[in-house]
Each structure stands twice: as structure tokens, then as C-alpha cells.
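To start, the structure itself, in C-alpha cells.
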Amino acid sequence: MWPDRRLIDLFKTEFPIVLAPMAGVMDAELVIAVAEGGGLGSLPSAMLSPEKAREQVNIIRQRVKAPVNMNFFCHTPIELTAEAEARWKQRLTGYYTEHGLDPSAPINAANRAPFDASFCEIVEELKPEVVSFHFGLPEAALLKRVKAAGCLVISSATTVKEAVWLEQHGVDAVIAQGAEAGGHRGMFLTDKISEQPGTFALVPQVADAVKVPVIAAGGIADGRGIAAALALGASGVQIGSAYLRCPESKVSAGGRKALAEAGDDSTVITNVMTGRPARGVQNRLMREAGPISPDAPPFPHAATALAPLKAAAEKQGRVDFTNLWAGQAIGMGRELPAAELTRDLAKSALARLRQMAG
């Protein structure tokens, strides 16, 4: 039925659909639902402690007999200088005053740790079928241990050059992340946001450049998008934004309202939320301080000073300082249980492929 079974055979899933790992707005519940629907569930683990990651994977294992993808960041940490922190706090002072907050009060640092030895030990213990990385790959010794644990390795490429680099460094599949995609740009060999290709341009060029299966990501939210990605040479797709309004997602009530009202022009690529370029639904901070600001400290430190503002605004039902990561197809999201949505995506993709073949 599927024109390219390489990803299905690799992951041993019913459908070539991967749930995008969306840190902060999902947990084991969405992973389980997508797995029950026949896709590959992905657990975002970069913001979890090793203990919490273990707990989440154990919940998944108890509920479904299906492959699991654990996702990690592998950025190189950059220390926050006092000067950069002061400049960012100064930029946010007006917002602190408006919300009756003390800008000098201590705040817990934003937790987005790169993949390290402690995470690697958890992977070796839990043996997820798939481990995915964002921002390249971890150091060779850690990657070797992940592979020795029997895990398949995948990672995101935002350019052909990055895709080739990932294949040369041993990934089993490449996620081709077009500029339409929600969340952090996976870029690691470039910092030129203006040069990032869209999904339609990126996928066929990556498919031509690498031998491993390609997973298309960015702007894919229905069966037409899946069929188009496969027609362009992808073996499967990674979908995130389409699942944000599912009952299993952990998006706040204010966030759900913003997502339901979003259209094709509602998202922008910004660095003011975390310090690293990412696509999300435009909020007050992005409009007034960004979307790209030289004042934003490096990833993930921009998020630290925003935490009190985010909490204060969310108490009032507003998302002025909330990073609602979402792609350009967010307007196509539906309020369906995730298992049902996954099966519907696969069914409509197959119908469209049959139509194209006829």
C-alpha cells in the first residue's frame, strides 16, 4: 500500500508517521495515543531529568507494546555572561513592572540540557527503539554507546549539507526539517536563518543526496501533505502541530484558544523565547521585542527571565510570554483524539496516493 516501506520496516510501525517531540506541551499520554494509532511516538526528553525520563518511558511501556523514540538536544552550552543577562533583564523591565514582579528576584535557570553521560546511561538502561537528536549529534563516544544499546539514531537536517553530514556520522534516517516546521530549527552547520529552505525544496534534494530514509517535517498536517512528501522522495513524515489540539496534549487553555484562532500567517521564527531560532505562534513579546532580537541571550538562557512573566500572564489566561511552538500549517490542526487522528492521517494519505497512481 505504501510506495516506500523503508521507514515502516526500520521502525516496525504500522504507518510511516512520526510524532514530533514537543517539549513542554506533551508527555507519555500523547506518545501512547500516537503509538496506539500506528505511528512512532516520540518523548521529548531534553527538559526532563533522567529520573523523570525513566518514569515516562516506564508508563509508555506499561500501556503499549510499540517502539518508542526518546528525543534529546545536543547543543553546545554557552555560559550566560552577567552583561548579557543584564541587557535582557533591562529589555524586560517594563513587563516586570506591569505585572508587579521584582526583576532582581532569583529565578531557576531554564532547563534544556544537552545529551550527556547521565542521559546516555538512561538510554542504555531503557533501550528505546529509536533515539532522535536535535542540533546535530552528540560526541562520537556517546553516539557509539547509544548504537551499542541497540537503538536506531535519527536527527534533523535543515539543509542538504547537514543531511549529508548526519549520514556520514551514522544516522539511520534523516529528518528533513523545512522552514515551515514549528519549534526550534535543528540547524547546526549554519546560523543563517534567511537561507533555510522550505520543505518542498529541501526534501527532494535531501532524498537525492543521502541513501538513508528521509523523514519530511514542516507544514505537513493532513493526508495531502503526507502524500506530497512521499511523492518528493521521503519515506515518511514527522508531524507535530497537527497534534497540539488533541485532548492528550498538555497545551494550556489560553494556548489552545490561540492555536484554534491561528492561520497560515500566525507563526514567525523568533529567538526571543529561548535565545535560539524557533517557529511559534506570534505573541506580544515576539511582536514588541522581536521576532529576532540582538538583546536575547544565548540558548536556553532567554527563557529564564521570561519564566515569571509567562506564569503571571498565564494566570490571567494570556499567552503574551508563552512559547507556543507551531508550524505554518497550524490552522489545519483538529480537536481529535491522537490515535484517531493518526489513523485518519494514514487513511487519507493512502487514498490520495491511490488517486495519484490512478
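Computed over heavy atoms, backbone and side chain alike; hydrogens, waters and symmetry mates excluded.
The line from OH of Tyr95 to CG of Asp320 is 8.5 Å long, rounded to the nearest 0.5 Å. If you take OG on Ser42 and CE on Met70, they are separated by 11.0 Å, rounding to the nearest 0.5 Å. How far CG of Leu19 is from CG of Leu43: 9.5 Å, rounded to the nearest 0.5 Å. In this structure, CG in Leu353 is found 9.0 Å from CD1 in Ile226, a value given to the nearest 0.5 Å. Going from atom CG of Asn283 over to atom CG of Asn323 covers 8.5 Å, rounded to the nearest 0.5 Å. Atom-to-atom distance recorded for Lys310:NZ and Met273:CE is 7.5 Å, nearest 0.5 angstrom.
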For the pair Glu248 and Met26, evaluate side chain to side chain contact (heavy atoms under 4.5 Å, CB included) and give the outcome as yes or no after the intermediate values. CA-CA 8 Å; Glu248 297 89 351; Met26 61 164 287; over 6 Å; no

Taking it one step at a time, do His99 and Phe321 satisfy side chain to side chain contact (heavy atoms under 4.5 Å, CB included)? CA-CA 12 Å; His99 288 85; Phe321 307 97; 3.6 Å; yes

Run the side chain to side chain contact (heavy atoms under 4.5 Å, CB included) check on Thr159 and Trp165 step by step: do they pass? CA-CA 10 Å; Thr159 62; Trp165 186 95; over 6 Å; no

For a side chain to side chain contact (heavy atoms under 4.5 Å, CB included) check, start with the C-alpha distance between Gln196 and Ile269, then their side-chain angles and the critical distance, and finish with the verdict. CA-CA 11 Å; Gln196 294 272 280; Ile269 291 177; 6.0 Å; no

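Residue Lys250 qualifies as enclosed at atom NZ: its count of foreign heavy atoms under 6.0 Å is above 12. Residue Arg6 places its CZ atom among more than 12 non-hydrogen atoms of other residues, nucleotides or ligands, all under 6.0 Å distant. Other residues, nucleotides and ligands contribute over 12 non-hydrogen atoms within 6.0 Å of the CZ atom of Arg287. By the neighbour-count criterion of 12 heavy atoms within 6.0 Å, atom CG of Asn108 is sparsely surrounded, having that number or fewer from other residues, nucleotides or ligands.
Electrostatic pairing of Glu98 and Arg284 counts as a salt bridge here, judged by a charged N lying under 4.0 Å from a carboxylate O. A salt bridge links Glu55 with Lys52: the closest approach of a Lys/Arg side-chain nitrogen to an acidic carboxylate oxygen falls below 4.0 angstrom. Lys12 and Glu129 are not joined by a salt bridge, as no carboxylate oxygen comes within less than 4.0 angstrom of a charged side-chain nitrogen. Using a 4.0 Å cut-off between charged nitrogen and carboxylate oxygen, Asp172 and Lys147 count as a salt-bridge pair.
Relative ring orientation between His184 and Phe135 is described as perpendicular, the plane-to-plane angle rising above 60° on a 0-90° scale split at 30° and 60°. A tilted orientation is assigned to the rings of Phe133 and Phe72, their planes being inclined by 30° to 60°.
No donor-acceptor pair closer than 3.5 Å links the side chain of Glu180 to the backbone N or O of Ala329. When atom types are taken as modelled, the side chain of Gln56 and the backbone of Ala28 share a donor-acceptor pair closer than 3.5 angstrom. Distance alone, capped at 3.5 Å, is enough to place a donor-acceptor pair between the Arg185 side chain and the Gly178 backbone. Side-chain N or O atoms of Thr199 include one that pairs as donor or acceptor with a backbone N or O of Gly218 at under 3.5 Å. Ser241 contributes no side-chain N or O that, together with a main-chain N or O of Ile330, makes up a donor-acceptor pair within less than 3.5 Å. A donor-acceptor pair is defined here as one N or O able to donate and one able to accept, closer than 3.5 Å; such a pair exists between the side chain of Thr342 and the backbone of Ala338. Not a single donor-acceptor pair under 3.5 Å links the side chain of Arg343 to the backbone N or O of Gly38. Side chain of Arg256 to main chain of Val251: a donor-acceptor pair is present (N/O by atom type, distance under 3.5 Å, no hydrogens or angles). A donor-acceptor pair is defined here as one N or O able to donate and one able to accept, closer than 3.5 Å; such a pair exists between the side chain of Tyr96 and the backbone of Ala305. For the pair Thr322 (side chain) and Leu324 (backbone), a donor-acceptor distance under 3.5 Å is absent.
Here the closest heavy-atom approach between residue Met356 and residue Ala227 is recorded as SD-CB, 4.0 Å. Considering every non-hydrogen atom in both Pro291 and Thr270, the closest pair reads O-OG1, 2.5 Å. The shortest non-hydrogen separation linking Leu230 to Ser235 is CD2-C, 3.6 Å. Residues Ala176 and Val214 approach most closely at CB-CG1, 3.9 Å, considering heavy atoms. In this structure, Ala229 and Val237 approach most closely via the heavy-atom pair CB-CG1, 3.7 Å.
Proximity of Met187 to Ile193: side-chain heavy atoms (C-beta onward) are separated by under 4.5 Å at one or more points. Between Val25 and Tyr243, every side-chain heavy-atom pair lies at or beyond the 4.5 Å cut-off. With a 4.5 Å cut-off on side-chain heavy atoms, Asp264 and Gln328 do not count as touching. Two residues are said to be in side-chain contact when any heavy atoms from C-beta on lie closer than 4.5 Å; Leu92 and Asp295 fail this criterion. No side-chain heavy atom of Pro128 sits less than 4.5 Å from a side-chain heavy atom of Val57. For the pair Cys151/Val123, a side-chain contact is recorded, criterion being any heavy-atom separation below 4.5 Å from C-beta on. Using a 4.5 Å heavy-atom threshold, the side chains of Val153 and Leu137 count as touching. The shortest side-chain heavy-atom distance between Leu142 and Val146 does not fall under the 4.5 Å cut-off.
Evaluated for a side-chain contact (heavy atoms from CB on, under 4.5 Å) with Val31, the options Asn69, Ile60, Leu40 yield exactly one hit, Ile60. Tested against Arg87, the residues Gln90, Glu83, Lys89 include a single side-chain contact (heavy atoms from CB on, under 4.5 Å) partner, Glu83. Considering Lys144, Arg145, Arg54 as possible partners of Glu124, the one that fulfils the salt bridge (charged side-chain N to carboxylate O under 4.0 Å, His left out) test is Arg145. Each of Ile215, Asn71, Val131 was scored for a side-chain contact (heavy atoms from CB on, under 4.5 Å) with Ile154, with one residue passing: Ile215.
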